Number of protein chains: 2
Amino acid sequence: MPALRSDAARSRARILDVARRHEPGALRFNDLAREAGVGVGTVYRHFPTTHALVEALTLDTLERLRVLVRAALAETDAGRAVADLLRAALDLQLEEGGLQPVLLAAEDESDEVREAKQEILGGFEQILVRARAAGVVRPDLSTAQVEHLVCGMEHAVRLGASSDREPYLQILLAGLRPA
Amino acid sequence: MPALRSDAARSRARILDVARRHEPGALRFNDLAREAGVGVGTVYRHFPTTHALVEALTLDTLERLRVLVRAALAETDAGRAVADLLRAALDLQLEEGGLQPVLLAAEDESDEVREAKQEILGGFEQILVRARAAGVVRPDLSTAQVEHLVCGMEHAVRLGASSDREPYLQILLAGLRPA
DNA sequence: GCTCAAACGGATAGTTCATCCGAATTGCTC
DNA sequence: GAGCAATTCGGATGAACTATCCGTTTGAGC
């Protein structure tokens, strides 16, 4: 990918900046263009689909999650590694509404996202393998199912008036332990 | 509310019939009208908003849930009552995608829905009160939070390829028990 | 079978979406 | 710093969809 021309970089940054001030689910390209002071065509050129824009908006958060996965992999207590990682992932997903769709998407538009996701999901798998082996997480539960549970918890937290995720997280963690 | 004229009843039934064959989230009124062989205006007259249509589509399922709540209230084992009801509610929500939005909506368009919801939510509250008193459900958890958890589980199950809700349900039930 | 309130249908105005292409800008070379 | 090719810009544009309005039709009661 060749370096961006200076005007293109400026447009891209403006669009992302404006997009960050909108609800993640209600990104209307025409509005973004007007507010960013660029043409609609410019927005569509930089981000052919809404998902491409969401990926770009989410990239920072995804990198933070990647770092947290590495930290969890360095943790020797398998149970603590799972608890820390799930809490962190849930927090990030709550903070950045676009994260869940990006994590769940089967296809990624950007290579950076694909690489980050690969490390994140691989590390997560590894942490769960250890946790199952240590007997701190039910063995009859796939990695994908645990991911889905975190997404479900995000959904549950968002339904509440207060966004206190802790009770929900505790229920998830208690539920994950073997009977 | 006066009885429906015969042609109106026919139109309404046709629209509901067609709507049932569509994805709950993608109900486009113009399409429904064409497929049902009525004018768009007719659709909008019967169902001023998408939510009104979803309520109408959901009413049967809501009645089934009401019956299940009554059954759970008759159950003497508080823990079993909770488990049975949550499983049933989750199944119904998975079966009828419109149920979650209807249950969560603060305002209801139809009186029948309002009444059914009132009994359902009241009964659910009662069952949880008993369960907390019996020490089979964590006391630090509001009824609303448990409702949100069920909705979160629905979300989690839908994310999976297989729609086997049982593992998710087991995790929820295990998590709900006091530590 | 007459009346009239109720229901019907679809034309239409108002939005939003996404593309296309002539104009303008940029960075490179000399 | 002038010329040039490549890239990007911007918004006009048409397609798709929403929701309303009103002249016409239908059905129920007398």
Side-chain angles (χ1 to χ4, degrees), chain A residues 1-59 97-98 101-102 105 107-112, chain B residues 1-59 97-98 101-102 105 107-112:
Chain A
M1 158 170 96
L4 235 44
R5 229 173 69 172
S6 67
D7 55 344
R10 187 167 2 102
S11 293
R12 192 171 194 280
R14 276 191 194 164
I15 294 164
L16 284 172
D17 196 45
V18 167
R20 252 179 260 282
R21 296 195 214 103
H22 283 70
E23 294 293 316
L27 296 169
R28 283 174 313 190
F29 278 27
N30 275 291
D31 290 356
L32 294 183
R34 190 171 26 74
E35 290 178 39
V38 303
V40 211
T42 304
V43 181
Y44 277 99
R45 188 167 340 90
H46 283 286
F47 308 103
T49 64
T50 303
H51 191 251
L53 174 55
V54 172
E55 278 192 6
L57 286 171
T58 303
L59 196 55
V102 170
E107 300 290 326
D108 306 304
E109 312 233 359
S110 111
D111 292 342
E112 290 158 291
Chain B
M1 152 172 102
L4 234 43
R5 227 171 71 171
S6 66
D7 55 346
R10 187 166 2 101
S11 295
R12 192 171 194 280
R14 275 191 193 162
I15 294 163
L16 284 173
D17 196 44
V18 167
R20 252 181 261 280
R21 294 195 217 104
H22 283 70
E23 295 293 316
L27 298 168
R28 282 174 313 191
F29 277 27
N30 275 293
D31 289 356
L32 294 183
R34 190 171 26 73
E35 290 178 38
V38 303
V40 213
T42 303
V43 181
Y44 278 97
R45 189 167 339 92
H46 283 285
F47 308 104
T49 65
T50 303
H51 191 250
L53 174 56
V54 172
E55 278 192 5
L57 286 171
T58 303
L59 195 56
V102 169
E107 300 289 326
D108 306 304
E109 311 232 1
S110 112
D111 292 342
E112 288 158 292

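The chains referred to below are lettered A, B, ... by the order of the sequence lines, with proteins before strands, and numbering in each begins at 1. Computed from a prediction, not measured in an experiment: that's the story for all the values here.
Within the 4.5 Å cutoff, the side chain of Val54(B) has heavy atoms near those of the Leu27(B) side chain. Looking at heavy atoms from C-beta onward, Leu53(A) lies out of side-chain contact with Val43(A) at the 4.5 angstrom threshold. Residues Phe29(B) and Thr50(B) meet the side-chain proximity criterion, which asks for heavy atoms closer than 4.5 Å.
In terms of heavy-atom proximity, His22(B) sits nearest to Ala26(B) at CD2-O, 4.3 Å. Pro24(A) and Gly98(A) get closest at one heavy-atom pair: CB-N, 4.3 Å. Taking each heavy atom of Asp31(A) and Arg28(A) in turn, the nearest pair found is OD2-NH2, 2.7 Å. Between His51(A) and Val102(A), the closest heavy-atom pair is NE2-CA, 4.1 Å. Contact between Ala56(B) and Phe47(B) at its shortest, heavy atoms only, is CB-CE2, 3.7 Å.
Taking for each of Asn30(A) and Phe29(B) the nucleotide of DNA chain D with the nearest heavy atom, the 5'-most of the two is the partner of Asn30(A).
Scanning residues 36-47 of chain B for heavy-atom distances under 4.0 Å to DNA chain C yields Gly37(B), Val38(B), Gly39(B), Val40(B), Gly41(B), Thr42(B), Arg45(B), His46(B). A heavy atom closer than 4.0 Å to some atom of DNA chain C occurs in no member of residues 12-20 of chain A.
Between chain B and DNA chain D, the heavy-atom contact criterion of under 4.0 Å yields a 5' to 3' nucleotide range of dC17(D) to dA28(D).
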Please tabulate, for the side chains in residues 3-17 of chain B, all donor-acceptor contacts under 3.5 angstrom to protein atoms that are two or more places apart in sequence or on a different chain.
from, atom 1, to, atom 2, distance (Å)
Arg5(B), NE, Asp7(B), OD1, 3.1
Arg5(B), NH2, Asp7(B), OD2, 2.8
Ser11(B), OG, Asp7(B), O, 3.2
Asp17(B), OD2, Arg21(B), NH2, 3.0

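Between the side chain of Glu109(B) and the backbone N or O of Glu55(B), no donor-acceptor pair lies under 3.5 Å.
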In the 5'-to-3' direction, what one-character label does each nucleotide of nucleotides 24-30 of chain C receive under the scheme B = base within less than 4.0 Å of a protein heavy atom, S = sugar-phosphate only, - = no such atom? -BBS---

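Regarding Leu32(A), its CG atom lies at a distance of 13 Å from the C1' atom of dC17(C), rounded to whole Å.
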Given Watson-Crick or G-U pairs with both distances under 3.5 Å, what dot-bracket string fits DNA chain C, with | for other-strand pairs and [ ] for crossing? ||||||||||||||||||||||||||||||

